[in-house]
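As structure tokens, the structure follows; a few thoughts come after it.
Within every chain, numbering begins at 1; the chains are lettered A, B, ... in the order of the sequence lines, protein sequences first and strands thereafter. Keep in mind that what you see is a predicted model, and the values were worked out from it rather than measured.
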Amino acid sequence: MKLALCCISNELAERGIKFQTMTYARFSALPHIQAMDTLCNRILNNFKVTHETIKHCIATGIKGYRLSSSITPLLNHPDIRMTLDQLPNFNAIADEIDATANTIASNDIRISAHPSEYISLTSKEDRVIDNSVLDLEMHAMIFDLLQLPCDYRSPLNIHCRQDGDPEEISSRFMSNFARLSKSVRNRLVLENNDNAKGVWSVKRLHDIFHMRHGIPVTFDNLHHKMLPGDLSEQEAFELAYSTWPTTPLFHYSEGIGNTRNHADFATTLPNSYGRNVYHDVELKGKDWAIYEMLRSK
DNA sequence: ACCAGTCAAGGAAGC
DNA sequence: GCTTCCTTGACTGGT
């Protein structure tokens, strides 16, 4: 079974190998030179942690890794707006990225990302679209620097998050999609959601975004459970499976009770219905949960 | 060393 | 039109 780790290794975190972040409030409270210095050091640390985590996955039989979307805090902030290569320590960062690229290229590990849930290509506000485009381009730039395939083998997975009239929302989505670089467009996939009004089920994503525009649909079993539309789990799984021109990368999680709060560990294994798929394991136990699943297969 | 509070994002809902 | 909630993990400041 091809299981993938999402962002954080609990085992490495326990050994002190952890991501760092910085808030804008803190950044602005410090003298500028000191603020930039701290930020640059944290970003470099985050790339080192990323590389360590990928090596850790390879060593433990984990077949995929979802990059954290918090590797580069603040760079897209409206009052900062920097790209990686504008950082004073970019050379050190590029060296770490190159080393990571080598690790990925010489091993069997699939890399993906799930940019923040706050990204929206459907908003009516230009400011929100601008921020979202920048954030997606930042992800794609990191993917390109890591020399990842510029196609769905390294997907950038987001939601269509707004509720309302599907025609209106999807047409806004597609006109903003056209603004994105090829690095983003070639990798962008859409995941089913379970918003209150229940608009973006697997079926609807398939009918609108896949049939009309060829965008693959990521199947998430927990979102499907909360918003099945008219489909059984297997029907939704198969429909999403049919949208991928390469091996799909789906999401697996379990809620606590009947909620969407993620449980620590799996009680069952993800059902692949006999198909070849990767599963991003969205359980709070992270790699500890995956070890258990790999043992019980 | 530890703990409680803070921070950041976009959308939805309620007043 | 404002506030609050949702979510998450790490930072921050006080003990």
Q. Taking any atom under 4.0 angstrom from a heavy atom of chain A, which nucleotides of DNA chain C are the first and last to qualify, 5' to 3'?
A. C/dT7 to C/dG13
Q) Taking only residues two or more places apart in sequence, or in another chain, which ones meet A/His262 in a ring pair (Phe, Tyr, Trp, His ring centres under 6.0 Å)? A) none
Q: Please list, by residue number, the residues of residues 42-59 of chain A whose heavy atoms come closer than 4.0 Å to an atom of DNA chain C; answer none if no residue qualifies.
A: A/Arg42
(Q) Pairing donors with acceptors under 3.5 angstrom, does anything connect the side chains of A/His56 and A/Asp287? (A) yes
Q. Are the side chain of A/Lys286 and the backbone N or O of A/Cys6 linked by a donor-acceptor pair below 3.5 Å?
A. yes
Q: Go through the structure and list residues passing ring pair (Phe, Tyr, Trp, His ring centres under 6.0 Å) with A/His139, not counting sequence neighbours.
A: none
Q: If a pair satisfies side chain to side chain donor-acceptor pair (under 3.5 Å) and one of its residues is in residues 26-45 of chain A, list it, with sequence neighbours excluded.
A: A/Gln20-A/Asn45
(Q) Give the residues of residues 22-41 of chain A touching DNA chain B, defined as any heavy atom closer than 4.0 Å, sorted by residue number. (A) A/Thr23, A/Tyr24, A/Ala25
Q. Does the ring center of A/Tyr241 lie less than 6.0 Å from the ring center of A/Phe250?
A. no
Q: With heavy atoms under 4.0 Å as the rule, sort A/Ser116 into base, sugar-phosphate or nothing.
A: nothing
Q: Indicate, with a heavy-atom threshold strictly under 4.0 Å, whether A/Ile119 touches base, sugar-phosphate, or nothing.
A: nothing
Q) With A/Glu52, which residues qualify under side chain to side chain contact (heavy atoms under 4.5 Å, CB included), at least two apart? A) A/Leu12, A/Ile17, A/Lys55
(Q) Considering only residues two or more places apart or on different chains, which pairs with a residue in residues 89-117 of chain A satisfy salt bridge (Lys or Arg N to Asp or Glu O under 4.0 Å)? (A) A/Lys63-A/Asp108
Q. Transitively linked via ILVMFWY side-chain contacts under 4.5 Å: A/Met138 with A/Tyr118?
A. no
Q | Partners passing side chain to side chain contact (heavy atoms under 4.5 Å, CB included) against A/Asn176 (at least two apart in sequence or in another chain) | A | A/Leu121, A/Ile129, A/Arg179
Q: Take the C1' atoms of the five end pairs on each side of the helix from B/dA1-C/dT15 to B/dC15-C/dG1, get both axes, and report the angle to 10 degrees.
A: 50°
(Q) At a heavy-atom distance below 4.0 Å, which nucleotide of DNA chain B is the first touched by chain A, and which is the last? (A) B/dC7 to B/dA13
(Q) For a quick check of understanding: with a heavy-atom distance under 4.0 Å over all strands, which category does A/Asn195 fall into, base, sugar-phosphate or nothing? (A) nothing
Q.
Enumerate the salt bridge (Lys or Arg N to Asp or Glu O under 4.0 Å) contacts for residues 64-88 of chain A, please, sequence neighbours excluded, ordered by first and then second residue.
A. A/Arg66-A/Asp280, A/Arg66-A/Glu282
